[in-house]
There are 2 protein chains.
Amino acid sequence: MQKKQRQTIRAKSFEKILAAAQDEFVLQGYKGATVQSIADKAKLPKANVLYYFKNKENIYHAVLEQTLNMWDEGIGDITPEDGPKLAIEKFVRAKVTMSFKNPKASKIYAMEIIQGAQHLKDFARTYQRQWVREKAKIFQCWIDNGEMQCVDPVNLIFLIWSSTQHYADFDNQILTIMNRADYEEGDIEHVTHFLTDFILRGCGLK
Amino acid sequence: MQKKQRQTIRAKSFEKILAAAQDEFVLQGYKGATVQSIADKAKLPKANVLYYFKNKENIYHAVLEQTLNMWDEGIGDITPEDGPKLAIEKFVRAKVTMSFKNPKASKIYAMEIIQGAQHLKDFARTYQRQWVREKAKIFQCWIDNGEMQCVDPVNLIFLIWSSTQHYADFDNQILTIMNRADYEEGDIEHVTHFLTDFILRGCGLK
DNA sequence: ATAAAACTTGACCTTATGGTAAGTTTATTT
DNA sequence: AAATAAACTTACCATAAGGTCAAGTTTTAT
């Protein structure tokens with residue numbers, strides 16, 4: 001009956017290590033994060049961490065994968081049926097919410113890209129290309145149908161990505177500028193409103 | 001007469017080291033970049049690099065300072081006299097041009113912020129807060145005068161920053177998605193046009 | 001109860017890296 | 001030409017970090 005005990009411990013250890021690793025990788029970068037510092041943060045001996053993950057690179061890969069999955073799930077979707085207004089509203093809200101609720105995931109991903117995506121597998125890149133192509137096509141349809149202003153769909157996607165992720169990646173800068181210590185509940189709503197409003201107007205939808 | 005020779009060598013060495021260091025810091029992060037790798041890239045012996053800079057942290061500080069100066073100079077300005085339309089056009093163009101011409105500077109800065117601005121001096125942060133306050137006030141005047149749509153000025157600044165810097169920080173991702181190896185001359189113009197167009201419309205100025 | 005598997009851990013090894021010390025060469029000044 | 005200062009270089013050291021090992025302990029299966 002108690003075969004569960006092992007599984008739970010195993011799962012919990014993985015979880016603790018991944019959480020600690022995400023923290024450290026964001027704070028110190030790939031090379032700067034040490035197995036020891038990850039172990040300390042996870043409250044496990046170093047050798048134990050290396051029992052669960054063969055080496056540091058494997059830890060990093062696991063963190064990256066976790067991050068990509070989150071990106072995939074949380075990103076909502078852009079479907080032709082919704083029409084441009086609703087689709088943009090949904091998408092912006094999803095991205096802003098993700099940025100505020102899980103800034104670390106966004107940061108890991110951002111650092112990886114900035115540094116040249118050295119650890120990112122090819123499939124992940126191809127996948128994104130596909131995604132953008134597909135969504136751009138939907139926007140183009142709407143434009144051709146006169147449902148929205150004629151704007152370059154690919155650059156529009158970039159603008160939405162960048163302006164939403166900014167609140168995660170640059171949270172430190174934003175908080176410093178606003179002279180605050182932390183984000184508050186209302187911020188998500190405020191930023192979502194600002195961005196949807198602004199972007200819809202940019203698309204000629206207001 | 002030939003006292004110049006030393007000065008030139010000195011200047012050139014500094015330049016080579018800083019360029020190499022910027023490269024390495026972007027590619028490998030602070031901890032990942034080694035004095036040796038910087039020296040190799042600068043084609044100098046390691047000890048010679050450490051003759052010009054006491055230690056790695058000093059190299060990094062120099063790179064960071066260089067980056068901040070560039071940000072300061074290249075950022076153009078937002079002045080009340082220009083009015084919202086011209087001011088935004090100028091500012092967006094300046095930022096986009098910087099992003100395309102000097103992506104590494106933007107990346108160094110982005111990485112520093114993402115990682116919590118651990119090396120950034122307080123004065124740099126306070127300075128930015130001041131800058132944003134000041135410019136936000138100008139936008140607010142324009143709004144109050146009915147010269148532009150009522151949008152939150154601070155978030156507008158964030159949107160302009162993020163959407164323009166994106167082309168520097170995420171150049172790898174963008175190029176992958178567009179299935180290209182490098183940016184081309186026309187890209188600056190195209191992106192500038194897209195962004196000014198979109199943002200002006202977002203501000204109710206089109 | 002016993003064996004086997006899964007898990008935990010301290011001690012250890014090797015390598016890479018930041019940095020130093022001390023000497024040598026090269027350019028500038030007098 | 002000699003003296004001085006700047007620039008360069010070699011050899012070296014201490015430390016920290018990734019990773020292994022082998023000896024334990026605990027849980028599960030028989």
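In what follows, chains are A, B, ... by sequence order, proteins preceding strands, each numbered from 1. Note that the coordinates shown come from a computational prediction; the quantities given were computed from them, not determined experimentally.
Residue A:R10 has a polar side-chain atom (N or O) positioned under 4.0 Å from OP1 or OP2 of C:dC7. For B:Y51, a side-chain nitrogen or oxygen approaches OP1 or OP2 of D:dA7 to under 4.0 Å. Checking the phosphate oxygens (OP1, OP2) of D:dA7, no side-chain nitrogen or oxygen of B:R6 falls inside 4.0 Å. Between B:Y52 and the phosphate of D:dC8, there is a side-chain N or O to OP1/OP2 separation shorter than 4.0 Å.
When rounded to the nearest whole Å, the span between CG of B:L44 and C1' of D:dC8 equals 10 Å. Here the P atom of nucleotide C:dT9 and the NZ atom of A:K43 are 14 Å apart, to the nearest Å. Taking atom CZ of residue B:F53 and atom C1' of nucleotide D:dA7, one finds them 15 Å apart after rounding to whole Å. Atom C1' of nucleotide C:dC7 and atom CD of A:Q7 are separated by 14 Å, given to the nearest angstrom. If you measure from atom OH of B:Y60 to atom P of C:dG18, you get 15 Å, rounded to the nearest angstrom. We find that NZ of A:K12 is positioned 16 Å from C1' of C:dC7, with the value rounded to whole Å.
B:Y60 and B:E112 are linked by a side-chain donor-acceptor pair at a separation below 3.5 angstrom, with hydrogens and angles left out of the test. Side-chain contact annotation: A:S37 with A:D40, donor-acceptor N/O pair under 3.5 Å absent. For the residue pair A:Y109/A:D169, the side-chain donor-acceptor check at 3.5 Å is not satisfied. Using modelled atom types, one finds a donor on one side chain and an acceptor on the other under 3.5 Å when comparing A:N155 with B:Y167. No side-chain donor from either of A:Q28 and B:Q115 sits under 3.5 Å from a side-chain acceptor of the other.
Across the helix from C:dA1-D:dT30 to C:dT30-D:dA1, the helix axis at one end is tilted relative to the axis at the other end by 10° (nearest 10 degrees, each axis from five pairs).
As judged by a 4.0 angstrom heavy-atom cut-off over every strand, B:I9 is placed among residues touching the sugar-phosphate backbone only.
Across B:K135, B:K95, B:K90, a single residue satisfies salt bridge (Lys or Arg N to Asp or Glu O under 4.0 Å) together with B:D77, and that is B:K135. Exactly one residue among A:D152, A:V151, A:L156 makes a side chain to side chain contact (heavy atoms under 4.5 Å, CB included) with A:V154. That residue is A:D152.
Ion pair A:K107/A:D171 flagged as a salt bridge, since at least one NZ, NE, NH1 or NH2 atom sits closer than 4.0 Å to an Asp/Glu carboxylate oxygen.
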#### Entry: Per-nucleotide protein contact string for nucleotides 10-24 of chain D (B base, S sugar-phosphate only, - none; heavy atom under 4.0 Å)
B------SBBB----
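Looking only at distances, a side-chain donor or acceptor of B:S99 sits under 3.5 Å from a matching main-chain atom of B:T164.
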